[in-house]
Number of protein chains: 2
Amino acid sequence: MASIKDVAAEAGVSVATVSRALNGHPSVSAAARERVLAAVETLGYRPNAVARSLRTDQTRTLGLVISDVMNPYFTELARSVEEEARALGYSVIIGNADERPDLQDHHVTTLLDRRIDGLLVSPTDGGSPHMLAAARAGTPMVFVDRWIPGVDVPVVRSDGRAAVRDLVAHLHGLGHRRLAIIAGPAATTTGRERVDAFREALAAYGLPLPAAYIGQGDFQAGSGRRVTEGFLDLPEPPEVVFAADNLMALGALDAVRARGLRVPEDMALAAFDDIPWFVHTDPPVTAIAQPTRDLGRAAVRALVDRIAGRPGASVALPARLVVRRSCGEANPQEHPSPVRRSTP
Amino acid sequence: MASIKDVAAEAGVSVATVSRALNGHPSVSAAARERVLAAVETLGYRPNAVARSLRTDQTRTLGLVISDVMNPYFTELARSVEEEARALGYSVIIGNADERPDLQDHHVTTLLDRRIDGLLVSPTDGGSPHMLAAARAGTPMVFVDRWIPGVDVPVVRSDGRAAVRDLVAHLHGLGHRRLAIIAGPAATTTGRERVDAFREALAAYGLPLPAAYIGQGDFQAGSGRRVTEGFLDLPEPPEVVFAADNLMALGALDAVRARGLRVPEDMALAAFDDIPWFVHTDPPVTAIAQPTRDLGRAAVRALVDRIAGRPGASVALPARLVVRRSCGEANPQEHPSPVRRSTP
DNA sequence: ATCCTCCGTGTAATCGATTCCACGAGGAGG
DNA sequence: CCTCCTCGTGGAATCGATTACACGGAGGAT
């Protein structure tokens, strides 16, 4: 592969001049610039990004460590992050933690070893010592979706409290009183928060959230299925199951279907995170939609701010309820649903 | 950030000894090794991968350029590629082409500039001059899922011919005679191949595939919807629509639903690429499943072979038909379906 | 005792870029 | 005509690692 030396030789100038010509430095004569460009063309030269990074101490690369690529929510997040980063002249390296702290650690370490300019993390757990040390050491970092309390890092996330209240109002309006939740891992903020929001919303209607109605999931389909089976085995099963993410909702659907029961007649279902497929499931699933694209954009902007030495603001964007049929049909006159979206 | 010099100073040895100690070189005394390790520990030293790459001329990184991250098939492919690569000591940088040749080019260029050790590509089109030049120049490269004819690069893909024959047999057995297909872009091999396989399979039953029954899609949901609307507007609409990927099947489902029609009564549906959600759509969708995990693994192995100077073999793994209800219920006695899979 | 080998270590070159500094040519001003 | 400044350019240091080569000392063979 041709290097800058080859270009210099071909153009009959020094490497310094080649570098200057290629980087738009003003003090290069038109003649020299032209010869350099011609040499670049004939040799098919492309600057070695590795060498440049070593010298300039910046890679123009962002790291993104997400909890689970197979989750459509995170896929969309990754996509919008890459889009915004590209617009700002950065590349993105994605690390998939698969909800495993050890894998998360592996990726954070690898990314840091590569000297990425900044790190976007959706932490799977409380954070490894290594990651926390990096944060304290001043590596530009931003948490997205989930965060770690007590760490001084901007957080870009979605606030689902209002949407959860809307959901409970919707469920209550449909006559449901025994409501259960499939929670995410307690080690994650979203795992805890969604339960808290749900409990608070229930309290506003004087409804309890008994321990038996809080199932412990791990944001994966399998756990949604197991927890739902547990609910169905209860002497008094819940009327509604609220899954804290879309994969666990898929598992719940599996479990109900496997027993030969129907949604929503035998058990209603709602999910956090809306995805295109929910329109076409049987029945279409009522869900809380996050402004995923905006989240990704905001996260990149906050991170680039930090890289540039600016503060980098935390952001919380509201989620919204999308009512479909998985909780039962509302009687429009009596119980208008808070939000309704036209079929796409 | 601490460099190798700092470690050398702290341990009271030269940088050469530090490097040797850290890379398991045999001729380092136990005493020196211990002092180095201690210094590494106290300084929290991590080798700079950028510097190492510059010197050794290898990044231990693979590039993966896929057509569309939002497509669950490619997401799963990306995941298995990363898994296998990690097992072999490589990192993976994913580039999402979004079915756009210009974006594909951008990512190939960026990846090559970073001097990745090898490139895995699922080409969106005939290939940019730049990519083809890189292939000819000897950059280790492997095509996965799709390929570019006439380029001397190993291809790891799935062979769907037998599964398509099974599908047509299944459809014919259900009494369907007017079968249509939503094709992928003609610029892609999978776009053309699936149509060819479908046409051949139909021919075996003496069925035609008229031009009006070949819709031109682009592997995105929107095109599936538009094409299906076109089919429905035909004086004699097809009885079955076979979508060449899962996103176009989603669009087809949208279109049928929007007209207030039912699947499979008013129009049957089948898709290439199986995804978990197809179990829960209304109705569950009959699909052709690719051995995605194996594909990813095989692709990485072929690429690593090429990197190591070994030939790197092309692979074609068979896909298989998964019958569900979107084409109608078979009468088990009369028309046993070729393959049936238990609900997960 | 002398010489040769081998072992552990250090010095320095190297990878491919960027960038500071110096230098020569040429034009402007005195 | 001399001096000074500006402009374009080249030489060389630098980033942080790896590795060829040299070297000194210990130990074995003669």
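Here is the naming used below: chain letters follow the sequence lines, and residue numbers restart at 1 for every chain.
If you measure from atom CZ of B:Arg55 to atom P of C:dG16, you get 10 Å, rounded to the nearest angstrom. The CZ-C1' distance, from A:Arg115 to D:dG16, rounds to 9 Å in whole Å. Here C:dA17 presents its P atom at 5 Å from CD1 of A:Ile4, a figure rounded to the nearest Å. A:His25 places its NE2 atom 18 Å from the P atom of C:dA17, with the value rounded to the nearest Å. For the pair A:Met1 CE and C:dC15 C1', the computed distance is 15 Å after rounding to whole Å. The CZ atom of B:Arg60 sits 14 Å away from the P atom of D:dT18 (whole-angstrom rounding). Whole-Å rounding puts the B:Asp57 CG to C:dG16 C1' distance at 10 Å. Rounded to whole Å, atom P of D:dT18 lies 14 Å from atom NZ of B:Lys5.
Overall bending of the helix from C:dA1-D:dT30 to C:dG30-D:dC1, expressed as the angle between end axes built from five pairs apiece, is 60° (10° steps).
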* To do: Evaluate the side chain to side chain contact (heavy atoms under 4.5 Å, CB included) criterion for residues A:Asp218 and A:Glu99: first the C-alpha distance (whole Å), next the side-chain angles of each, then the deciding distance (0.1 Å), finally the verdict.
  => CA-CA 8 Å; A:Asp218 60 6; A:Glu99 303 285 1; over 6 Å; no
* To do: Check step by step if side-chain hydrogen bond (donor to acceptor under 3.5 Å, both in side chains) holds for B:Thr75 and A:Thr75.
  => CA-CA 8 Å; B:Thr75 311; A:Thr75 311; 4.6 Å; no
* To do: Assess whether side chain to side chain contact (heavy atoms under 4.5 Å, CB included) is satisfied between A:Leu132 and A:Ile148, documenting all intermediate values.
  => CA-CA 9 Å; A:Leu132 299 178; A:Ile148 300 176; 4.3 Å; yes
* Could you give me the CA-CA distance, side-chain angles and deciding distance for A:Arg146 and A:Ser67, then say whether side-chain hydrogen bond (donor to acceptor under 3.5 Å, both in side chains) is met? => CA-CA 9 Å; A:Arg146 312 177 182 174; A:Ser67 323; 3.2 Å; yes
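In this model, no donor atom of one side chain and acceptor atom of the other lie less than 3.5 Å apart for B:Thr61 and B:Ser91. Side-chain contact, A:Asp113 with B:Asn48: no donor N or O sits under 3.5 Å from an acceptor N or O. In the model, B:Tyr73 has no side-chain atom that pairs as donor or acceptor with a side-chain atom of B:Asp68 under 3.5 Å.
Other residues, nucleotides and ligands place more than 12 heavy atoms under 6.0 Å from the CD atom of B:Gln58.
Nearest to the side-chain atoms of A:Thr56 among the listed nucleotides C:dT18, C:dG16, D:dG16 stands C:dT18.
Annotation: side chain of B:Val142 is in contact with side chain of B:Val156 (closest heavy-atom distance under 4.5 Å).
Checked for salt-bridge contact, B:Arg100 and B:Asp102 meet the test: a charged N lies under 4.0 Å from a carboxylate O.
Not a single salt bridge (charged side-chain N to carboxylate O under 4.0 Å, His left out) links B:Asp57 to another residue, sequence neighbours left out. Legend: residues meeting salt bridge (charged side-chain N to carboxylate O under 4.0 Å, His left out) with A:Arg301, ordered by chain and number and at least two apart, are A:Glu84.
Remark: A:Ala16, A:Ser19, A:Arg20, A:Asn23 in residues 8-23 of chain A come within less than 4.0 Å of DNA chain C through at least one heavy atom. Against DNA chain C, the stretch residues 26-36 of chain B makes heavy-atom approaches under 4.0 Å through B:Ser27, B:Val28, B:Ser29, B:Ala32.
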Below 3.5 Å is the cut-off: list the nitrogen or oxygen pairs between protein and nucleotides 24-27 of chain C, distance only.
none

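With respect to B:Arg79, the salt bridge (charged side-chain N to carboxylate O under 4.0 Å, His left out) criterion is satisfied by exactly one of B:Glu83, B:Glu76, B:Glu82: B:Glu83. For the side chain to side chain contact (heavy atoms under 4.5 Å, CB included) with B:Leu22, the lone residue among B:Ile4, B:Val28, B:Val7, B:Val40 that qualifies is B:Val40.
For A:Arg52 and C:dT18, the shortest distance from a side-chain N or O to OP1 or OP2 is below 4.0 Å.
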